[in-house]
Amino acid sequence: MTTPATLPTENLPTGKLIDGKAFAATLRAQIAVDVAALKASHGVQPGLAVVLVGEDPASQIYVRNKAKQTVECGMKSVEHKLSADTPEADLLALIDTLNADPTIHGILVQLPVPKHIDADKIIAAIRPDKDVDGFHPMNAGLLATGGKALVPCTPLGCSLLLKDHLGDLSGKHAVVIGRSNIVGKPMAQLLLQESCTVTVAHSRTKDLPAVCREADIVVAAVGRPEMVKGDWLKPGAVVIDVGINRIALPDGKSKVVGDVDFASAAPVASAITPVPGGVGPMTIACLLKNTLTACQRSVGL
Ligand SMILES: Nc1nc2c(c(=O)[nH]1)N[C@@H](CN(C=O)c1ccc(C(=O)N[C@@H](CCC(=O)O)C(=O)O)cc1)CN2
Ligand SMILES: [Mg+2]
């Protein structure tokens, strides 16, 4: 997960690159301090259970990294690796067991799940106070109504990067491209909480480049490689690239690119996240933050 030499980040002016990898490392160090303090004050160790169904190679890497970073922060990590043909009922039974386990404060099922499993049904079965992905309808509702939600990790990470870079976001026009329950919608809610004027654009939006050109902040979460071009941006816009797309190169190799065409966007933007090394590392750091939060709440903090 290092920034490869192929990404033209070397000659960018200081401050233009929003370094999510470095920010995530700092966040994890703070989480480790807070985990130790919680153990000392309340005798409780946060526990995270990660469930993987099937053998998707990317998911296997994400789950491995989640477990490794959980342990590095001083938390307990439990991994459940189930075969791709696991019946939905068995997965629901495992979630019931984890819901009832007092040593587990966070539960997540790695997505995507195999086709025969209804992801919405699985998410709804997780206790909302242990739903460290923040995907349960209860947490989505709490986020929308300003309550104490567990917030989805990727948009939470984007929000932390934006606030760190810009300070006060109030009055900024933010365009979120993508309306998924996992990124686009919660991202819009978080930006609204920061008093941004928020536009959510999607596949049916008319003249998307013109909509983007109005934005002080662009969050691209559309899943289309290098779609957002430099001439779609208002000069000085801040660009957060949520996309992780693996594309084939002419030499037969592959590389990971975002939803933003970095080469044309970086000269126009005032700041931009790279892919890799931008939003991705924040997703796991925020998962650890949510697990700590869930544990703190479980002891009344
Ligand atoms: N239950 C969940 N499933 C999925 C989530 C999620 O938040 N919860 N998000 C993604 C996968 N994901 C974490 O689970 C994730 C994706 C990417 C990264 C990351 O650090 N990416 C690197 C690049 C990696 C590469 O080269 O392939 C980066 O951007 O630097 C972390 C976590 C879908 N499923
Ligand atoms: Mg994610």
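Note that ligands are numbered from 1 as they come in the structure, with each ligand's atoms numbered from 1 the same way. Residue numbers start at 1 and run along the sequence shown. All values below were derived from every heavy atom in this structure, side-chain atoms included, with hydrogens, water molecules and symmetry-related copies excluded.
Every atom of ligand 1 is numbered from 1 in the order shown, and the set under 4.0 Å from a heavy atom of Gly277 is 28 (C), 29 (O), 30 (O). Below 4.0 Å from some heavy atom of Val256 lie the following atoms of ligand 1, by number and element: 25 (C), 26 (O), 27 (O). Counting the atoms of ligand 1 from 1 in the order shown, those under 4.0 Å from a heavy atom of Leu108 are 1 (N). Annotation for ligand 1: atoms under 4.0 Å from non-hydrogen atoms of Val109 are 1 (N). Heavy-atom contacts of Lys66 reach the following atoms of ligand 1: 8 (N), 13 (C), 14 (O) (cutoff under 4.0 Å). Of all atoms in ligand 1, listed by their number and element, those nearer than 4.0 Å to a heavy atom of Gln110 are 1 (N), 3 (N), 4 (C), 11 (C), 13 (C), 14 (O), 34 (N). Proximity to Pro276 (heavy-atom distance under 4.0 Å) selects the following atoms of ligand 1: 23 (C), 28 (C), 29 (O), 30 (O).
Note that OG1 of Thr291 and CD1 of Ile31 are 8.5 Å apart. Values are rounded to the nearest 0.5 Å. For the atom pair CD (Gln110) and CG (Asp133), the distance works out to 7.5 Å, reported to the nearest 0.5 Å.
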Test side-chain hydrogen bond (donor to acceptor under 3.5 Å, both in side chains) on Gln30 and Asp34 and set out the steps.
CA-CA 6 Å; Gln30 183 57 53; Asp34 293 348; 3.0 Å; yes
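Val198 is not listed as a side-chain neighbour of Gln189, based on a closest heavy-atom distance of 4.5 Å or more.
Residue Asp133 places a heavy atom less than 4.0 Å from ligand 1. Under a 4.0 angstrom heavy-atom cut-off, Cys153 registers as lying outside contact with ligand 1. Residue Lys21 places every heavy atom at 4.0 Å or more from ligand 1.
Lys76 contributes no side-chain N or O that, together with a main-chain N or O of Ile104, makes up a donor-acceptor pair within less than 3.5 Å. Using modelled atom types, no side-chain atom of Glu214 and backbone atom of His173 make a donor-acceptor pair closer than 3.5 Å. Here the side chain of Asp261 pairs no donor or acceptor atom with the backbone of Lys229 at under 3.5 angstrom. Between the side chain of Thr283 and the backbone N or O of Cys153 there is no donor-acceptor pair closer than 3.5 Å.
Counted within 6.0 Å of NZ on Lys121, heavy atoms from surrounding residues, nucleotides or ligands total 12 or fewer; the atom is thus considered open.
On a distance-only criterion, Pro112 and ligand 1 share no N/O pair closer than 3.5 Å.
Considering Gly280, Ser254, Gly258 only, the shortest heavy-atom separation from atom 29 (O) of ligand 1 involves Gly280.
Within the 4.0 Å heavy-atom criterion, the part of Thr283 lying near ligand 1 is the side chain and not the backbone.
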